[in-house]
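Below is one structure; the comments refer to it alone.
Note that the coordinates shown come from a computational prediction; the quantities given were computed from them, not determined experimentally.
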Amino acid sequence: MKRAIGIDLGATKAAIGLVDSSGNVLEKISIPTGKVKKAPEIIEDILHALQPMVLKQKISGIGIGIAGQINPQTGIVIDAPNLDWHDFPIVKAISQKLQIPVHITNDVRAATLAEWLYGDGKGCKHLVCVFIGTGIGGGIVADGKLQQGSSYTFGEIGHMSVNFHGPRCACGNIGCVEAFAGGASLANRAKDEISVNAQYGKILLQKVGQDVQKITAKTLVEGYRENENLSKKILDQAILALTTASINLVNVLNPEKLLFSGGVVLGFPEMLDPIEKGVRQYALPAAVKHLKIGQCKLKNDAGIIGSAALSF
Ligand SMILES: [Zn+2]
């Protein structure tokens, strides 16, 4: 059985795993990343960390999923704002030190690849995966191929605008689904509301020792489950935004499965019921007839597994 190394390279850490061609993670380590370190230094740390795995056995390749805009053909990280990397030739940087093939893709596309090959999307010709964490990303398989787009932005589901009168998104556009339902936006929306009317956030503030900065998406989920007004308002809007985006995705892409994952989904899985209900009610009947909606099967290791799979 073939083995490869998969690296899920994020803003705070790089998760590095040894994965076999059946999608099993055999070994796993994690090292810190962050903006403080420059790209060559992080590469140096990664190479050092994965050395024991490479020395022990024959490796088919190294795959890396990176949060940002990636060109898999040239091996260049075009733009990874969370790491502050711009036009960085990562494949060249690693290939110079290790004589092993290196492949890269966007981190969410890698997680989609894992779900498609080894998870609940197995066997689908048409699949949409939506990942809701700090931000919102997605991956789309259409006609049996994981799509990249003409400039590698295919699947940027978080930046579908669902409300012209909605909040401003970090990307500059208005009413993106990420601005309503991404984990960071959820917390920021609560903070904004409380800054206008502290009384409104009284119960939430109690949960965080009166320190408004400590409010997170998790605080809102707790509030939602206790029927707290502000949490209900913000999360109901998030569910509506996700429902609208899902209806559009289903109508436009006609997938067999629409699967969700990411920290917000794992912490608030009950959001999927109203989303599914809305999609079944308002999407085109022909588009929902055979559609399955649910959670991704692979959880935290999807990025590692999908990145490694680039080498199989
Ligand atoms: Zn946006």
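In this structure, I90 and W85 have side chains that are in contact, with non-hydrogen atoms separated by less than 4.5 Å. Residues V250 and I293 are not in side-chain contact: their nearest non-hydrogen atoms beyond the backbone lie 4.5 Å or more apart. You'll find the side chain of P167 stays beyond 4.5 Å of the side chain of S185, heavy atoms only. No side-chain heavy atom of R189 sits less than 4.5 Å from a side-chain heavy atom of L220. Between L272 and Q295, the closest side-chain pair of non-hydrogen atoms falls below 4.5 Å. With contacts defined as side-chain heavy-atom distances shorter than 4.5 Å, the pair I43/L47 qualifies. No side-chain heavy atom of I64 sits less than 4.5 Å from a side-chain heavy atom of I46. Using a 4.5 Å heavy-atom cutoff, the side chains of I59 and L18 are in contact.
Under the 3.5 Å distance criterion, the side-chain polar atoms of N251 are matched with a main-chain donor or acceptor of L284. Side-chain N or O atoms of T33 include one that pairs as donor or acceptor with a backbone N or O of G10 at under 3.5 Å. Using modelled atom types, one side-chain atom of E115 and one backbone atom of L298 make a donor-acceptor pair closer than 3.5 Å. A donor-acceptor distance shorter than 3.5 angstrom exists from the side chain of S60 to the backbone of R3, with no hydrogens or angles considered. Using modelled atom types, one side-chain atom of T244 and one backbone atom of L240 make a donor-acceptor pair closer than 3.5 Å. Without hydrogens or angle criteria, Q147 side chain to A142 main chain gives a donor-acceptor distance under 3.5 Å. In this structure a side-chain-to-backbone donor-acceptor pair under 3.5 Å is missing from Q69 to D79. Of the possible donor and acceptor atoms, none in the side chain of N24 sits under 3.5 Å from a partner among the backbone N and O of L26. The backbone N or O of G65 lies less than 3.5 Å from a partner atom in the side chain of S307, making a donor-acceptor pair.
Shown here for E41 and K37, the closest heavy-atom pair between the two residues is OE2-CG, 3.7 Å. Summarising the geometry of V279 relative to I247, their closest heavy-atom pair is CA-CG1, 3.9 Å, with the distance given to 0.1 Å. Nearest heavy atom pair, residue E228 against residue L204, reads OE1-CG, 3.7 Å. The shortest heavy-atom contact between N173 and S161 is ND2-CB, 3.7 Å. Residues R109 and F154 come closest through the heavy atom pair CZ-O, 3.0 Å. A111 and F131 make their closest contact through CB-CZ, 3.6 Å (heavy atoms, listed as atom of the first residue, atom of the second, distance).
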Given the rule in the salt bridge (Lys or Arg N to Asp or Glu O under 4.0 Å) test, do D120 and K292 qualify, once you have shown the distances and angles that lead to the verdict?
CA-CA 10 Å; D120 218 23; K292 289 203 174 75; over 6 Å; no
Using side-chain contact (heavy atoms from CB on, under 4.5 Å), reason through I78 and I70 one step at a time and then give a plain yes or no.
CA-CA 5 Å; I78 301 164; I70 311 301; over 6 Å; no
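Once rounded to the nearest 0.5 Å, the distance linking CD of E178 with CD1 of I157 reads 11.5 Å. In this structure, CD in Q213 is found 6.5 Å from CG in D211, a value given to the nearest 0.5 Å. Rounding to the nearest 0.5 angstrom, the gap separating the CG atom in L242 from the CG atom in L235 is 10.0 Å. Summarising the geometry, atom OH belonging to Y224 is positioned 15.0 Å from atom NZ belonging to K233; distances are rounded to the nearest 0.5 Å. How far CD1 of I94 is from CD1 of I7: 5.5 Å, rounded to the nearest 0.5 Å. Between the CD1 atom of I5 and the CG atom of L310 there is a distance of 13.5 Å, given to the nearest 0.5 Å.
Checked against salt bridge (Lys or Arg N to Asp or Glu O under 4.0 Å), K191 has no partners two or more places apart in sequence or in another chain. Applying the ring pair (Phe, Tyr, Trp, His ring centres under 6.0 Å) rule to Y152 yields no partners; only residues at least two apart in sequence or on another chain are considered. Taking Y118 as the reference, nothing meets the ring pair (Phe, Tyr, Trp, His ring centres under 6.0 Å) condition, with sequence neighbours excluded.
With respect to K2 and D20, no salt bridge is recorded, no charged nitrogen being found less than 4.0 Å from a carboxylate O. For K56 and E27, the salt-bridge test passes: some basic side-chain N is under 4.0 Å from an acidic carboxylate O. Salt bridge annotation for E226-K232: absent, with no cationic side-chain nitrogen under 4.0 angstrom from a carboxylate oxygen.
No chain of hydrophobic side-chain contacts below 4.5 Å, direct or via other Ile, Leu, Val, Met, Phe, Trp or Tyr residues, connects V128 to L146. The hydrophobic cluster containing I140 also contains L258, counting ILVMFWY residues as joined when their side-chain heavy atoms lie under 4.5 angstrom apart, directly or transitively. Linking ILVMFWY side-chain heavy atoms closer than 4.5 Å, directly or via other members, places Y200 and I203 in two distinct hydrophobic clusters.
By the neighbour-count criterion of 12 heavy atoms within 6.0 Å, atom NZ of K38 is sparsely surrounded, having that number or fewer from other residues, nucleotides or ligands. Residue K92 qualifies as open at atom NZ: its count of foreign heavy atoms under 6.0 Å is 12 or below.
If you check the side chains of S246 and T243, you find no donor sitting under 3.5 Å from an acceptor.
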